[in-house]
Visitor: 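Below is a structure I'd like to ask you about.
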Amino acid sequence: MKLLDGKALAQKMRAEIKAEIEAAAVIPGLAVVIVGDDPASKIYVRNKVRACEEVGMRSFVYELPKETSQSDLEGLLDRLAASDEVHGILLQLPLPKTLDAQSAMSRIPAKKDVDGFDPENLGALVLNKHRYAACTPSGVMELLKSAEIDCTGKSAVVLGRSNTVGKPMALLLLNANATVTVCHSKTQNLGEICKRADILVSAIGSPKCITKEMVKEGAVVVDVGINRDAAGKLCGDVDFEEVSKIASYITPVPGGVGPMTITMLLKNTCIAAWKE
Ligand code: NAP
């Protein structure tokens, strides 16, 4: 078994991004907007800002109170959309229930939507002509590429169908010529389907639910899930201890897909700044 080491790959990619920024005429800028005081969101934002600083990217953080109105939020997004210094805009989700996330997100122009969540970028992904795809699935593809895992003709099973992870993940694998099956909470015979996978990507959000019995010997196993086990320890969707005994490649949690997500955000912001 080989580890798909996201931490190491993220470090390597961030060093490359830093060198590119040092040599660039235009310094990429990322604006992060957070509404309310969700503690997890605050940590994510802090990590993103720190990552920007590390590579020499500019970051602009807007922390708005939870009482912020839809028009104030959209007004800010409109100003950021028009700013020459801001190349990428990230609206940290979830928003307070009083706000309409879809409507707010529609104010972010596709070129600045470095999360790749907007309908234009998602549609372009369907056509395999996307500028950016969502950061987490893109990070998974980079991990596969780094290990020279060719998806062509492979049976890939994606667990989860969220717009931010599962669906773009399935499209990226399909675009890479895998034969893709997408599973969700209504899927029957999940274990049987998983067992057929040459490449298994789990994005369910359920601690250690993918057991050794569900995995084919020699499969590549990518664990997107971030959960806490009964003891409160961070873990993925996959029972790493057991599954790592039969997988050819596997991502650990933490240190697998997680570090790649922010790295892809940095990469997408560079694309936003430098590519027409
Ligand atoms: P989500 O929106 O809650 O979607 C979860 C998906 O899993 C849904 O499609 C759901 O099916 C499906 N599902 C739930 N239980 C299932 C089961 N028992 N069997 C089969 N499918 C099941 O979550 P998400 O935002 O995609 O995130 C998924 C996980 O990835 C979470 O643990 C999250 O924390 C993690 N995550 C990690 C990163 C990272 O950087 N590593 C980034 C984003 C998310 P239905 O559609 O039928 O409800």
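Counting convention: from 1, in listed order, for ligands and their atoms alike. Just so it is clear, the structure is predicted and the values come from calculations on it, not from any experiment. This chain uses plain numbering: 1 for the first residue, then up along the sequence.
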Visitor: Test your reading of the structure: does Thr261 have an N or O sitting under 3.5 Å from an N or O of ligand 1?
Guide: yes

Visitor: At a 4.0 Å threshold, what atoms of ligand 1 neighbour a non-hydrogen atom of Ser162?
Guide: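 This gives 2 (O), 4 (O), 9 (O), 24 (P), 26 (O) as the contact atoms.
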
Visitor: Could you tell me if any non-hydrogen atom of Asn227 lies under 4.0 Å from any atom of ligand 1?
Guide: yes

Visitor: Could you establish whether Ala203 and ligand 1 come within less than 4.0 Å of each other, counting only heavy atoms on the residue side?
Guide: yes

Visitor: Atom NZ of residue position Lys195 - does it have more than 12 heavy atoms of other residues, nucleotides or ligands inside 6.0 Å?
Guide: yes

Visitor: Go through ligand 1 atom by atom and flag the ones less than 4.0 Å from a non-hydrogen atom of Val165.
Guide: 26 (O), 43 (C), 44 (C)

Visitor: Are any non-hydrogen protein atoms located under 4.0 Å from atom 48 (O) of ligand 1?
Guide: yes

Visitor: Please determine whether a side-chain nitrogen of the Lys or Arg among Lys145 and Glu148 lies less than 4.0 Å from a carboxylate oxygen of the Asp or Glu.
Guide: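 Judged by the 4.0 Å cut-off on N to carboxylate O distance, Lys145 and Glu148 do not form a salt bridge.
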
Visitor: Could you tell me whether Lys42 and Glu63 have a side-chain N and a carboxylate O separated by less than 4.0 Å?
Guide: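 Yes, Lys42 and Glu63 are salt-bridged.
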
Visitor: So, are Lys208 and Asp237 salt-bridged, with charged N and O less than 4.0 Å apart?
Guide: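 Result for this pair is no, no salt bridge flagged.
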
Visitor: If the cut-off is 4.0 Å to any non-hydrogen atom of Gly258, which atoms of ligand 1 fall inside it?
Guide: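 By the 4.0 Å cutoff, the relevant atoms are 40 (O), 41 (N).
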
Visitor: Give a yes/no verdict on whether any heavy atom in Ile204 is under 4.0 Å from an atom of ligand 1.
Guide: yes

Visitor: In terms of side-chain geometry, is the basic nitrogen of Glu22 or Lys18 positioned less than 4.0 Å from the acidic oxygen of its partner?
Guide: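 Yes, this pair counts.
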
Visitor: Any protein heavy-atom neighbour for atom 18 (N) of ligand 1 (distance below 4.0 angstrom)?
Guide: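 So atom 18 (N) of ligand 1 lacks protein heavy-atom neighbours under 4.0 Å.
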
Visitor: Are more than 12 heavy atoms from other residues, nucleotides or ligands located less than 6.0 Å from atom CZ of Phe60?
Guide: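 Atom CZ in Phe60 is crowded, with more than 12 foreign heavy atoms closer than 6.0 Å.
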
Visitor: Which donor-acceptor pairs under 3.5 Å do side chains of residues 28-38 form with protein atoms, sequence neighbours excluded?
Guide:
{"from": "Asp38", "atom 1": "OD2", "to": "Ser41", "atom 2": "N", "distance (Å)": "3.1"}
{"from": "Asp38", "atom 1": "OD2", "to": "Ser41", "atom 2": "OG", "distance (Å)": "2.7"}

Visitor: What protein heavy atom sits nearest atom 21 (N) of ligand 1, and how far away is it?
Guide: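 That would be His184 C, 3.1 Å.
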
Visitor: Before signing off on this row, confirm whether Cys183 and ligand 1 have an N or O atom pair separated by under 3.5 Å.
Guide: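 The answer is no, given that Cys183 and ligand 1 share no N or O pair closer than 3.5 Å.
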
Visitor: What I want to know is whether Asp237 and ligand 1 share at least one N or O pair that is separated by under 3.5 angstrom.
Guide: no

Visitor: Residues sharing Val238's hydrophobic cluster, by side-chain heavy-atom contacts under 4.5 Å among ILVMFWY, directly or via others?
Guide: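 Once heavy-atom contacts under 4.5 Å are chained together, Val238 belongs with Met1, Leu3, Val157, Leu159, Leu190, Ile193, Leu200, Ile204, Ile210, Met214, Val215, Val221, Phe240, Val243, Ile246, Ile250.
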
Visitor: Would you say atom 23 (O) of ligand 1 has a protein heavy atom nearer than 4.0 Å?
Guide: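 It does not: no protein heavy atom is found less than 4.0 Å away from atom 23 (O) of ligand 1.
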
